[in-house]
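To start, the structure itself, in structure tokens.
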Amino acid sequence: MAPVAPRSGDAIFASVDRVNAELFTLTYGAIVRQLLTDLEEVEEVNKQLDQMGYNIGIRLVDEFLAKSNVSSCVDFKETAEVIAKVGFKMFLGVTASVTNWDADGTCCSIVLEDNPLVDFVELPDNCQGLYYCNILSGVIRGALEMVSMKTEITWARDMLRGDDAFELQVKLIKQVPEEYPYKDDE
């Protein structure tokens, strides 16, 4: 049997069940609004959105690997490209680009061309410290942790804050060696 070729983000996006974009956007907005009401502090909401994203990411990576047929990436650069070109397209229907690599190849930016989470969104003055899409940074962090990459994800630019794009800075803290729970000879 011949190995199965990796699928493109467009092919996967076309074949998966989808929810209405407006329903998705409005539901996410309602979650953020409820967090603002319950937690009252914008920084606490940022932390909670990141934690929610992390919890989603550690589960989402299994679906991604099963549906995309992507083999193990050889390095962090290839991993970032797969996230941008396949992952974002598969789950959000948008493409992203990877830019601003540092000399070590351990830090880059993922720039979103479009962001469906922010349709119909305007931040009020009392929420200017809110990273509305912070769930995305948590998703990436959680997914990468499941493939043995400890990362730090921060927002470099945010159109809701007046910037010209949505840009996530992804920094590889360390590559965790894979551990197997059992020895081969047992």
Side-chain angles (χ1 to χ4, degrees), residues 5-10 12-13 28 32 42-65 67-118 121 123 128-179:
R7 296 172 65 194
S8 73
D10 289 323
I12 299 165
F13 185 71
Y28 180 71
V32 174
V42 171
E43 195 53 43
E44 287 301 313
V45 174
N46 287 336
K47 289 178 187 175
Q48 187 64 35
L49 288 171
D50 181 71
Q51 186 60 44
M52 289 169 59
Y54 176 82
N55 292 337
I56 292 168
I58 61 176
R59 289 167 180 78
L60 208 61
V61 72
D62 290 330
E63 182 177 354
F64 172 79
L65 293 171
K67 291 184 177 176
S68 68
N69 297 328
V70 172
S71 60
S72 295
C73 296
V74 290
D75 59 12
F76 184 60
K77 284 186 176 188
E78 184 181 352
T79 303
E81 287 292 334
V82 168
I83 289 169
K85 302 289 188 270
V86 182
F88 274 103
K89 187 65 175 183
M90 180 176 169
F91 292 111
L92 289 178
V94 299
T95 53
S97 56
V98 182
T99 60
N100 301 332
W101 281 101
D102 68 354
D104 299 333
T106 60
C107 187
C108 66
S109 292
I110 296 178
V111 180
L112 296 170
E113 296 171 13
D114 188 23
N115 188 345
L117 292 178
V118 299
V121 175
L123 291 180
Q128 290 304 309
L130 177 68
Y131 288 103
Y132 184 83
C133 299
N134 215 31
I135 197 166
L136 295 177
S137 60
V139 168
I140 295 169
R141 188 172 57 87
L144 288 175
E145 193 167 303
M146 291 294 101
V147 292
S148 303
M149 292 183 182
K150 182 86 173 144
T151 56
E152 180 180 289
I153 318 288
T154 55
W155 284 96
R157 294 186 291 167
D158 187 338
M159 290 178 74
L160 293 176
R161 294 170 159 230
D163 296 322
D164 60 342
F166 290 99
E167 179 180 340
L168 286 160
Q169 185 177 31
V170 182
K171 182 177 183 181
L172 179 66
I173 305 297
K174 69 177 179 175
Q175 184 97 27
V176 181
E178 290 187 38
E179 294 180 16

Contact between Leu112 and Leu136 at the side-chain level, heavy atoms closer than 4.5 Å - yes or no?
yes

Could you check if a side-chain atom of Gln128 sits within less than 4.5 angstrom of a side-chain atom of Leu123, using non-hydrogen atoms only?
yes

When rounded to the nearest 0.5 angstrom, what is the spacing between CG in Leu65 and CE in Met146?
11.5 Å

Using side-chain heavy atoms (C-beta onward) and a distance below 4.5 Å, is Phe91 in contact with Val139?
no

Minimal heavy-atom distance between Ser109 and Asn100, with the atoms involved, is OG-ND2, 3.4 Å

Taking it one step at a time, do Asp164 and Arg157 satisfy side chain to side chain contact (heavy atoms under 4.5 Å, CB included)?
CA-CA 7 Å; Asp164 60 342; Arg157 294 186 291 167; 2.6 Å; yes

About how many Å separate CD1 of Ile153 and NZ of Lys171, when rounded to the nearest 0.5 Å?
11.5 Å

Applying ring-ring contact (aromatic ring centres under 6.0 Å, His included), can you list everything that pairs with Phe76, at least two apart in sequence or on another chain?
Trp101

Please give me the minimum heavy-atom distance between Ala80 and Cys108, naming the atom from each residue.
CB-SG, 4.0 Å

Closest heavy-atom pair, Val42 versus Gly129, reported as atoms and distance to 0.1 Å, is CG1-C, 3.3 Å

Residue pair Val147 / Gln175: nearest heavy atoms and the distance that separates them
O-NE2, 4.5 Å

Is it the case that more than 12 heavy atoms not belonging to Arg59 sit under 6.0 Å from its CZ atom?
no

Walk me through it: do Leu144 and Val170 pass the test side chain to side chain contact (heavy atoms under 4.5 Å, CB included)?
CA-CA 10 Å; Leu144 288 175; Val170 182; 4.3 Å; yes

Counterpart residues, ring-ring contact (aromatic ring centres under 6.0 Å, His included), relative to Tyr132 (two or more places apart)
Tyr28

Kindly say whether Cys107 contributes a backbone atom to a donor-acceptor pair with the side chain of Asp102 at under 3.5 angstrom?
yes

Distance from Ile83 atom CD1 to Ile140 atom CD1, nearest 0.5 Å?
6.0 Å

So CD of Gln51 and CD of Glu44: to nearest 0.5 Å the spacing works out to 12.0 Å

Is there a side-chain contact between Met159 and Val118 in this structure, where contact means two heavy atoms from C-beta onward sitting under 4.5 Å apart?
no

For residues 129-144, the salt bridge (Lys or Arg N to Asp or Glu O under 4.0 Å) pairs (sequence neighbours left out) are Asp50-Arg141

Taking atom CD of Gln169 and atom OG of Ser137, what is their separation to the nearest 0.5 Å?
12.0 Å

When rounded to the nearest 0.5 angstrom, what is the spacing between CG in Asn134 and OG1 in Thr154?
9.5 Å

Any side-chain heavy atom of Phe166 within less than 4.5 Å of one from Asp158?
yes

Do you know which two heavy atoms are closest between Thr95 and Lys89, and how far apart they sit?
CG2-CD, 4.0 Å

Between Val32 and Val121, is any pair of side-chain heavy atoms under 4.5 Å apart?
no

